[in-house]
Amino acid sequence: MCIRDRQGAERAESDIRPTIPHLSRQVLIGAVAIKLLVHIPGLFRYGYFRDELYFLDCARHLDWGYVDCAPLVAVYAKIALLFGGSLPALRILPMLAGAGMVALTVLLARQLGGGAFAQAAAALAILIAPVHLMIGSILSMNAFEPLFWMGCIYVLIRIIRGGDPRLWLMFGVLAGLGLQNKHSTLFFGAAVAVAILATPLRRELLRPWLWIGAAVALAVFLPNIVWQWQHDFPTLEDLRNVRETGKNIVLAPLPFFGEQIMMMHPVNAPIWLAGLWFLLFGRGRTFRAVGLTYVALLALFIVFHAKSYYLAPIYPMLLAAGGTAIEVWTTQLVNRKWQLVSRSLIMAVVIVFGAILMPMALPLLSPQRHVDYLARLGLEPSKTEVAHVGPLEQLWGDQFGWPELVEEIAEIYWALPEEERARTGIFASNYGEAGAINLFGPQHDLPPAICAHQTHSMWGPGDFEGDQLIWLQWSAESLEQICASVEVVGEHFHQWGMAEENRLILLCRQLDPPLSELWPRLRHWN
């Protein structure tokens, strides 16, 4: 095909836009209500997740950046602190974000030309996705990421439909906020750029609004860039340390893709794969840029050895497209009875198989029953980091043992003679321990934790001037190099907690050199 013919075909294709059906308010309201209901148990079950404890500490030190996360997650945690910092106060925010993601999935299906069935199928599929059930159960930047990514995709579809080019400004605002939420949005932006260049959307490069939108995104993200520059780009150093130490499990392309099928639920795979086909080659190819965004992002994450769940925020758009594709294909059935039967059967299969895995993806069962349920399904706890070992998945295991650990530390601290206690601090080896001490410690009149892990290292040891430390996780052999004597004063163990926390508790006496001099050597970013 000559260049002129190809450009004409692209122009003709871009002009074929499916009409926008009516929004099914019943589907939208019902799906959002179900999403909120299924997460209510998580407001009160288990305990604080390790990262939640860290984010609460970040909220106590609001800044434009942190070693291992963008700043918005601390703002979410600060809101929770303003309402008391309880588990329900913390968990209601991701619950609401999850409801927003479900609503966006319905709206995306409508924008792609899907009617009531497509909207319902897309909503049901995202409701049963295990990864989104799990992400929506704790406070993290991951719970909010789909809102920013899918918000951008919604705007992109509106632009493809011939919407006001000033919509790029909204795209820029959402992209900038997405970067302030999590830095992986950089990869999402790169994938969108590839999709723009590979489709008729590249015509937008000749217009000012796309570039103005990009400038808006940069302006919104700029405070974090400045913070990174002022602190010698600690996030890049942290990522480099993670790579060099082999902390994360690295998957080859096929296992990585297999993880996508599992985390989104195997029964959903035909739906989102149908959606990808629909966008790239089917009647939805007007929106090919949306499908290419997924392909490009998948390739980027495989190349850069990302964790498998990093791709989770992109799937609402594929499920929306999949629901639309199935609606189109079943509409072609001449017999309306078979059309109804086929659609009902699809929905029933999704509901039944979704219900089977739901107890695995939500904190509905006691830990023992959770383990037993996994065994009956023939599944094992998944892991994304090499060192995490325990009877439960990390998401659940890292919610056990924190109050008990602090109680044990309090017993040790208050058993010390008064003159020793006055010069004794508590050294936490990781941000989970530090966050637990800072959250539960005031109930036991404990001093704040001293920690050199991640951003805690920037906050320093505070006003501690003593020479004695209750020390968590380190070995006696390591401490003997900086302490005159090391004594085993306790041992923490929790059946359902992570194995890395089931360690001896040591007392370091006569620290030498002083902590202020030792601090640079203790800094630990990974």
Side-chain angles (χ1 to χ4, degrees), residues 39 42-44 46-98 100 135-145 147-148 176-185 220-221 223-228 230-231 234-235 238 395 398-399 402-403 405-406 426 428-444 446-463 523-525:
H39 284 289
L43 299 178
F44 309 97
Y46 299 174
Y48 291 86
F49 181 62
R50 178 190 301 267
D51 290 5
E52 290 177 317
L53 296 168
Y54 176 47
F55 297 146
L56 287 170
D57 272 349
C58 291
R60 299 181 185 102
H61 299 82
L62 284 179
D63 207 340
W64 282 110
Y66 303 92
V67 168
D68 51 349
C69 56
L72 267 183
V73 70
V75 177
Y76 311 144
K78 186 67 174 181
I79 294 171
L81 281 178
L82 293 175
F83 287 92
S86 66
L87 207 58
L90 205 66
R91 299 277 171 84
I92 198 168
L93 295 173
M95 184 174 79
L96 293 174
I135 285 172
S137 298
I138 62 168
L139 179 73
S140 74
M141 65 287 285
N142 300 317
F144 297 85
E145 201 170 22
L147 296 180
F148 298 114
L177 289 173
L179 289 166
Q180 291 283 34
N181 177 72
K182 191 175 180 181
H183 294 135
S184 56
T185 299
V220 174
F221 187 42
N224 184 245
I225 297 175
V226 172
W227 183 92
Q228 294 281 345
Q230 290 174 335
H231 295 82
T235 301
D238 178 58
L395 180 70
D398 257 339
Q399 297 183 38
W402 302 116
L405 175 63
V406 177
I426 305 169
S429 292
N430 61 60
Y431 62 57
E433 296 166 354
I437 293 165
N438 292 332
L439 180 64
F440 301 115
Q443 304 169 19
H444 305 281
L446 292 177
I450 299 170
C451 181
H453 184 222
Q454 303 301 80
T455 314
H456 283 87
S457 65
M458 294 184 172
W459 303 329
D463 56 1
R523 193 193 77 171
H524 181 44
W525 293 354

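Numbers here simply count residues along the sequence, with the first being 1. No experiment lies behind these values; they were computed from the predicted model shown.
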What closest approach, in Å, do [X] and [Y] show between heavy atoms, and which atom pair accounts for it?
X: Arg91; Y: Phe49; value: NH2-N, 3.9 Å
X: Ala428; Y: Cys451; value: O-SG, 3.5 Å
X: Ala143; Y: Ala97; value: O-CB, 3.5 Å
X: Ala70; Y: Leu179; value: CB-O, 3.5 Å
X: Leu439; Y: Pro442; value: O-CD, 3.7 Å
X: Ala434; Y: His456; value: CB-NE2, 3.7 Å

In the structure I gave you, are the side-chain heavy atoms of [X] and [Y] within less than 4.5 Å of one another anywhere?
X: Leu56; Y: Arg60; value: yes
X: Cys69; Y: Lys182; value: no
X: Phe44; Y: Leu87; value: no
X: Pro403; Y: Gln443; value: no
X: Trp402; Y: Glu433; value: yes
X: Ser140; Y: Tyr54; value: no
X: Asn224; Y: His183; value: yes
X: Pro94; Y: Ile138; value: no

Once you round to the nearest 0.5 Å, how far does [atom1] of [X] lie from [atom2] of [Y]?
X: Asn438; Y: Asp57; atom1: CG; atom2: CG; value: 4.5 Å
X: Phe440; Y: Leu405; atom1: CZ; atom2: CG; value: 10.0 Å
X: Met95; Y: Leu43; atom1: CE; atom2: CG; value: 5.0 Å
X: Leu53; Y: Cys58; atom1: CG; atom2: SG; value: 11.0 Å
X: Thr185; Y: Phe148; atom1: OG1; atom2: CZ; value: 8.0 Å

From CA spacing to verdict: side-chain contact (heavy atoms from CB on, under 4.5 Å), His39, Ser137 | CA-CA 6 Å; His39 284 289; Ser137 298; 3.6 Å; yes
Please check if atom CH2 in Trp64 has more than 12 non-hydrogen atoms from other residues, nucleotides or ligands closer than 6.0 Å.
-> no
In sequence, state the C-alpha distance, the side-chain angles, and the governing distance for Gln454 and Asp238, and then conclude on side chain to side chain donor-acceptor pair (under 3.5 Å).
-> CA-CA 8 Å; Gln454 303 301 80; Asp238 178 58; 3.3 Å; yes
Determine the interplanar angle of the Tyr66 and Trp459 rings, folded into 0 to 90°, and report it as parallel if under 30°, tilted if 30 to 60°, perpendicular if over 60°.
-> perpendicular
Where do Arg50 and Asn430 land on the side-chain contact (heavy atoms from CB on, under 4.5 Å) test, with the steps shown first?
-> CA-CA 10 Å; Arg50 178 190 301 267; Asn430 61 60; 3.1 Å; yes
Go through the steps for Tyr76 and Leu139 under the test side-chain contact (heavy atoms from CB on, under 4.5 Å), then give the verdict.
-> CA-CA 8 Å; Tyr76 311 144; Leu139 179 73; 3.8 Å; yes
Leu72/Met141 under side-chain contact (heavy atoms from CB on, under 4.5 Å): CA gap, chis, key distance, verdict = CA-CA 8 Å; Leu72 267 183; Met141 65 287 285; over 6 Å; no
Quickly, which of Asp68, Asp51, Thr455 forms a side-chain hydrogen bond (donor to acceptor under 3.5 Å, both in side chains) with Tyr431? Name it, please.
->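 The residue from Asp68, Asp51, Thr455 that satisfies side-chain hydrogen bond (donor to acceptor under 3.5 Å, both in side chains) with Tyr431 turns out to be Asp51.
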